K.L.:
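One structure, pasted below without further comment.
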Amino acid sequence: MIAVMVRYLLDIYISNVLSMKGTYLGEFEEVVLLAVAIRTGDAYGAAVVNEIEQQLGRAVNLGAVHTALHRLEEKGLVKSEMGGATAERGGRSKRLYVVTIAGLRALEEIKQLRNQMWDNIPKIAWS
């Protein structure tokens with residue numbers, strides 16, 4: 001229980017620090033973060049690649065996804081831990097990612113900003 005509370009408080013602290021820095025989230029990082037959120041509980045590199053390819057219908061490089069996951073973890077938007085070893089991977093473990101509270105807030109802010117911008121397109125632009 002104490003460990004959960006400490007993690008929660010750490011997530012809040014990281015979220016506040018990121019807000020002060022004005023951390024920029026690039027388009028690809030946003031897509032990777034969304035894929036991790038979709039794959040809750042099963043978000044590892046190859047699964048994130050598959051999710052992005054399925055959702056966007058375009059090929060994605062596994063190395064680029066790993067780089068983005070590393071950047072997102074440095075920014076405090078995802079956290080990772082090693083999963084159990086599997087026979088299909090020759091006894092190796094998968095690094096599993098989950099979105100932090102700060103990551104969820106970042107996604108919500110991005111969504112609100114994009115919706116606001118869409119709402120501000122003049123109606124004449126659609127005719």
Side-chain angles (χ1 to χ4, degrees):
M1 181 68 176
I2 292 175
V4 172
M5 185 57 109
V6 169
R7 275 192 168 176
Y8 175 73
L9 293 173
L10 183 60
D11 283 346
I12 291 173
Y13 172 77
I14 289 171
S15 175
N16 289 336
V17 169
L18 288 174
S19 296
M20 289 185 284
K21 286 184 185 177
T23 299
Y24 175 75
L25 195 62
E27 178 190 5
F28 189 68
E29 288 176 324
E30 178 186 346
V31 168
V32 170
L33 187 57
L34 284 165
V36 171
I38 291 168
R39 301 290 303 215
T40 299
D42 188 36
Y44 57 96
V48 171
V49 167
N50 291 338
E51 189 64 43
I52 293 169
E53 289 179 346
Q54 180 182 355
Q55 293 286 337
L56 300 183
R58 69 180 200 207
V60 179
N61 180 289
L62 179 60
V65 167
H66 279 292
T67 299
L69 286 167
H70 180 71
R71 284 194 312 260
L72 291 168
E73 193 162 24
E74 284 180 339
K75 293 177 181 182
L77 303 178
V78 300
K79 56 187 169 187
S80 70
E81 60 184 40
M82 296 305 290
T86 60
E88 67 206 27
R89 293 176 46 86
R92 295 179 319 178
S93 300
K94 296 176 185 174
R95 179 165 294 280
L96 300 171
Y97 293 87
V98 294
V99 178
T100 62
I101 292 170
L104 292 173
R105 285 190 185 134
L107 287 174
E108 185 60 37
E109 287 175 16
I110 291 166
K111 181 180 176 184
Q112 288 176 358
L113 176 63
R114 289 182 188 270
N115 287 341
Q116 179 182 341
M117 292 181 75
W118 275 101
D119 291 344
N120 286 322
I121 296 174
K123 299 297 179 208
I124 195 164
W126 296 106
S127 36

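All heavy atoms count here, side chains included; hydrogens, waters and symmetry mates do not. Since we're looking at a predicted model, the values are computed, not measured.
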K.L.:
Are any side-chain N or O atoms of Glu51 and backbone N or O atoms of Val36, one a donor and one an acceptor, separated by less than 3.5 Å?
P.N.:
no
K.L.:
In the single-linkage hydrophobic clustering (I, L, V, M, F, W, Y; side-chain heavy atoms under 4.5 Å), do Val31 and Ile38 co-cluster?
P.N.:
no
K.L.:
Taking salt bridge (charged side-chain N to carboxylate O under 4.0 Å, His left out) as the definition, give me every residue that meets it alongside Glu29, ordered by chain and number, with sequence neighbours left out.
P.N.:
Arg71, Lys75
K.L.:
For the residue pair Tyr44 and Tyr97, what are the closest heavy atoms and their distance?
P.N.:
CA-CD1, 4.5 Å
K.L.:
Are Val78 and Ile110 linked, directly or through intermediate hydrophobic residues, by side-chain heavy-atom contacts shorter than 4.5 Å (ILVMFWY only)?
P.N.:
yes
K.L.:
Which distance, rounded to the nearest 0.5 Å, do you find between the CZ of Phe28 and the CG of Leu33?
P.N.:
12.0 Å
K.L.:
I'd like to know if Val32 and Val98 are part of one continuous hydrophobic network [Ile/Leu/Val/Met/Phe/Trp/Tyr, side-chain heavy atoms within less than 4.5 Å].
P.N.:
no
K.L.:
Rounded to the nearest 0.5 Å, how far apart are CG of Leu25 and CD of Glu30?
P.N.:
6.0 Å
K.L.:
Mind checking what makes side-chain contact (heavy atoms from CB on, under 4.5 Å) contact with Leu104, not counting sequence neighbours?
P.N.:
Val99
K.L.:
Check for a donor-acceptor pair, side chain of Thr100 on one end and backbone N or O of Gly76 on the other, with a separation under 3.5 Å.
P.N.:
yes
K.L.:
Which residues satisfy the side-chain contact (heavy atoms from CB on, under 4.5 Å) test with Glu108, sequence neighbours excluded?
P.N.:
Lys111, Gln112
K.L.:
Can you list, pair by pair, the side-chain donor-acceptor contacts under 3.5 Å of residues 56-69, counting residues two or more places apart and other chains?
P.N.:
unit_1: Asn61; atom_1: OD1; unit_2: Gly63; atom_2: N; d: 2.6
unit_1: Asn61; atom_1: OD1; unit_2: Ala64; atom_2: N; d: 3.0
unit_1: Thr67; atom_1: OG1; unit_2: Gly63; atom_2: O; d: 3.0

K.L.:
Distance check, rounded to the nearest 0.5 Å: Thr40 atom OG1 versus Leu96 atom CG?
P.N.:
11.5 Å
K.L.:
Got a sec, which residues hit side-chain contact (heavy atoms from CB on, under 4.5 Å) with Ala106, two or more places apart in sequence or on another chain?
P.N.:
Leu77
K.L.:
Mind checking what makes side-chain hydrogen bond (donor to acceptor under 3.5 Å, both in side chains) contact with Asp42, not counting sequence neighbours?
P.N.:
Arg39
K.L.:
Rounded to the nearest 0.5 Å, how far apart are NE2 of His70 and OG of Ser80?
P.N.:
10.0 Å
